[in-house]
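Beneath this line is the structure, given in structure tokens, with notes to follow.
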Amino acid sequence: MKINKMLSKRFEELASALDFLGENPFKVRAYLKVSRILDEMDEEVSEIYKMEGLSGLEKIPGIGEGIAKKIAEFLETGTFQKYEEVMSQVPPDLLILMNVPGIGPRTLKQIYDNFRVTKMEDFVKILDDPRLLQLPGMGEKKIENIKRGLELYLSMQERMPLGVAMGIVEELLEYMNKCEYVKFISPCGSYRRMKETVGDIDILVVGPNGSEIIKYFTQYPLVSDVLASGDTKGSVVIENKYQVDLRVVSEESWGAALQYFTGSKSHNVKVRSIAKSKGLKVSEYGVFMGDKYVAGREEEEVYRALGMEWIPPELREDQGEVEAALAGNLPNLVEFKDIKGDLHVHSSYSDGSSSLEELAKYSISFGYSYLGVCDHSKSVKYAGGLAIDGLREKNREIDRLNSELGGFRLLKGTEVDILADGKLDYPDEVLAELDFVVASIHMWKKNEDATERILKAMESPFVTIIGHPTGRLIGQREGYRVDIDAIIEKAVETKTFIEINSYYERLDFNDVNAKKAKEKDVLLVINTDAHHTGQFSMVRLGIGQARRAWLMPNDVINTRPLEDLIELLNTKRK
DNA sequence: GCCGTTTTCGGCCCGACTGTTTTCAGTCG
């Protein structure tokens, strides 16, 4: 694990433990903030410390003298005193219990002080102990709540991939739109920001009859548990796994609430501090000067009231977007209408289920002017990889279809495997017959560092695009090890493009890596890796990651019209 | 513990929901 992540974890644990021990909540929050900063930082603190020492660390906003010293101590000795000292006072199982919904630091402390439980199983037993009811503030319902929270905690451990959330949201919105009281509705939260995983789903509604809307919401057929149901807020669990929160606000608060519930938390903190410096107050009800309502009907209005441009949700991570909005310097992010075609889909020639003709016709109806068909190469047996004859047969069908398709163009491609020694799975003369080549890795040894393999492949003049460069599957496997900076550097040197794979389990390159690539002027391509036409719409997930990476249309090659694209695809071969 | 156009002390986002209370504490987002 990277040092930043290790430190981030330590500070998070420290915060939980201090919270449990009743330390000043602001101190707890300071540690939590640092934990988050470390988790999201690109640069390694060890490098900063090596180059600039303590003062370098203190330059990072959120890190002051105290925490800088703790980080330095950790870098020198592998741990820090404060952490050891505090952790020794809190049983590890109790820290886990703090993450259970319905159990907070106070409740846990009270139970611990009275019953001295230190183990998870003892805690579960105590929940059935009648003596628990004697404690102040403890009632039957509260205990039921904790039990339910424990169950939920066990079934909702993981965040869902964005693509899974998208399916849930779309179906739920369809249901909610049938409610006669719903006037406007929008998802917010990390879903709206297109974060690659979503913890729970937040939905915002405007409508005249809050309690009826919430009631309708809790009656959604897929609801397995109702956690809260009031006049303005409802909270349910869907299919025993996914938490969905819905809030109802008035029309004049719609924009402010959308802004507020979209987050991120750090973005909102920044926005609110700007508001404060201007003598304004921002809440989910609007922007206020004293008690006077200044703005809030539309999101644009909220940002404008604070002297900012409207900030696209994907940028709201406190990564410089507030400063850019204040200066009027926000990027014009790439959007779906810019995308002219997909350069990585599979057909029924390998493991896809749509024919070339179906793919072409669907592409046209999807608004595309070209489509790159990339079936697997011969070594990928489990995915029906094409032998050379099969590939040539497919090429002939593409030629035939192209003569019938008018202005639309099918491009001959392949997803050629990068073999264990970095060689490609087809010889050069076969690759030369194609319009372009996506090269990717599907087979690797456990713990293998695949950097050299990929770098070697990139040196081939025929490798146009590196496909799903890290091999990770969200929530399932980490992928092979790879030095991202080296890949980016090689992409610059060899003029190779890098894929943002939109497949819902992949999202690979992710937002952070794509941003790094952009900073080195590497061009990217947003592909879906679709295996049938129903998966074309996943492109929205990839566009979301691209937007989170601050990419503009010019940073992405498949925003180019066909002729320009073909010229780009040929740059390396020349 | 951090931070500063309210600058070395005294704030730190703030409101809804729930359950237990009889005016509020705890938890959550």
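If you're wondering where the values come from, they're calculated on a predicted model, not measured in any experiment.
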Considering only atom P, compute the distance from B:dT21 to B:dA16 and round it to an integer number of Å.
24 Å
Non-neighbouring partners of A:Ser283 that pass side-chain hydrogen bond (donor to acceptor under 3.5 Å, both in side chains), sequence neighbours left out:
none
Go through residues 19-27 of chain A and report each residue with a non-hydrogen atom lying under 4.0 Å from DNA chain B, sorted by number.
A:Asn24, A:Phe26, A:Lys27
Sequence neighbours excluded, the answer for side-chain contact (heavy atoms from CB on, under 4.5 Å) partners of A:Lys520 is A:Ile488, A:Val492, A:Val522
Tell me the partner of B:dG4, counting only Watson-Crick (N1-N3 plus N6-O4 or O6-N4) or G-U wobble (N1-O2 and O6-N3) with both under 3.5 Å; none if nothing fits.
B:dC9
Expressed as a whole number of angstroms, how long is the span from A:Ile274:CD1 to B:dG4:P?
12 Å
Residues forming a side-chain contact (heavy atoms from CB on, under 4.5 Å) with A:Tyr303, sequence neighbours excluded:
A:Gln259, A:His267, A:Val271, A:Glu299, A:Met308, A:Trp310, A:Ile311, A:Arg316
When rounded to whole Å, the CD1 to C1' distance for the pair A:Ile143 and B:dT20 reads 12 Å
Distance in angstrom units between A:Lys278 NZ and B:dT6 P, rounded:
12 Å
Using residues 67-74 of chain A as the side-chain source, report each donor-acceptor pair under 3.5 Å to any protein atom, sequence neighbours left out, with the distance given to one decimal.
| from | atom 1 | to | atom 2 | distance (Å) |
| --- | --- | --- | --- | --- |
| A:Lys69 | NZ | A:Glu65 | OE2 | 3.3 |
| A:Glu73 | OE2 | A:Gln81 | N | 2.8 |

Salt-bridged, A:Glu298 to A:Arg304, with N to O below 4.0 Å?
no
Length of the CZ-P vector between A:Phe11 and B:dG1, whole Å:
10 Å
Quick one: do A:Lys109 and A:Asp113 make a salt bridge, cutoff under 4.0 Å?
yes
Would you indicate what A:Lys69 reaches in the nucleic acid, counting non-hydrogen atoms under 4.0 angstrom: base, sugar-phosphate, or nothing?
nothing
A:Asp555 meets the side-chain contact (heavy atoms from CB on, under 4.5 Å) criterion, sequence neighbours left out, with A:Lys518, A:Leu551, A:Met552
Rounding to the closest angstrom, what is the interatomic distance between B:dG15 and B:dG10 at atom P?
24 Å
Starting from P on B:dT21, measure out to CG on A:Leu135 and report it in whole angstrom.
11 Å
How does each nucleotide of nucleotides 24-29 of chain B score, in 5' to 3' order, for protein heavy atoms under 4.0 Å: base (B), sugar-phosphate only (S), or none (-)?
--SSSB
For B:dC17, does either OP1 or OP2 sit under 4.0 Å from a side-chain N or O belonging to A:Thr232?
yes
For a quick check of understanding: with a heavy-atom distance under 4.0 Å over all strands, which category does A:Lys281 fall into, base, sugar-phosphate or nothing?
sugar-phosphate
Per A:Ala30 side chain, nearest of listed nucleotides B:dT20, B:dG15, B:dG1
B:dG1
In whole Å, measure the gap between the C1' atoms of B:dA25 and B:dT20 for me.
9 Å
Any salt bridge between A:Lys50 and A:Glu47, counting N to O under 4.0 Å?
yes
When rounded to the nearest Å, what value does the distance between P atoms of B:dC12 and B:dC17 take?
24 Å
Taking side-chain contact (heavy atoms from CB on, under 4.5 Å) as the definition, give me every residue that meets it alongside A:Glu251, ordered by chain and number, with sequence neighbours left out.
A:Lys183, A:Phe184, A:Val206, A:Arg297
Write down the distance separating the P atoms in B:dC2 and B:dC13, rounded off to the nearest Å.
16 Å
All pairs passing ring pair (Phe, Tyr, Trp, His ring centres under 6.0 Å) where residues 105-151 of chain A contributes a residue, at least two apart
A:Phe20-A:Tyr112
Using a 4.0 Å heavy-atom cut-off, does A:Pro136 contact any base of the nucleic acid, only the sugar-phosphate backbone, or nothing at all?
nothing
Categorize A:Ser235 for me: base, sugar-phosphate, or nothing, with a 4.0 angstrom heavy-atom threshold over every strand shown.
nothing
B:dC14 C1' sits how many Å from A:Asn268 CG, rounded?
11 Å
Taking the minimum atom-to-atom distance to the side chain of A:Lys276, which one of B:dC17, B:dG11, B:dC14 wins?
B:dG11
Salt-bridge criterion met for A:Asp202 and A:Arg247 (N-O under 4.0 Å)
yes
C1' atoms of B:dT8 and B:dC3, separation to the nearest Å:
10 Å
Take atom C1' in B:dT6 and the same atom in B:dG11, then report the distance between them in whole Å.
10 Å
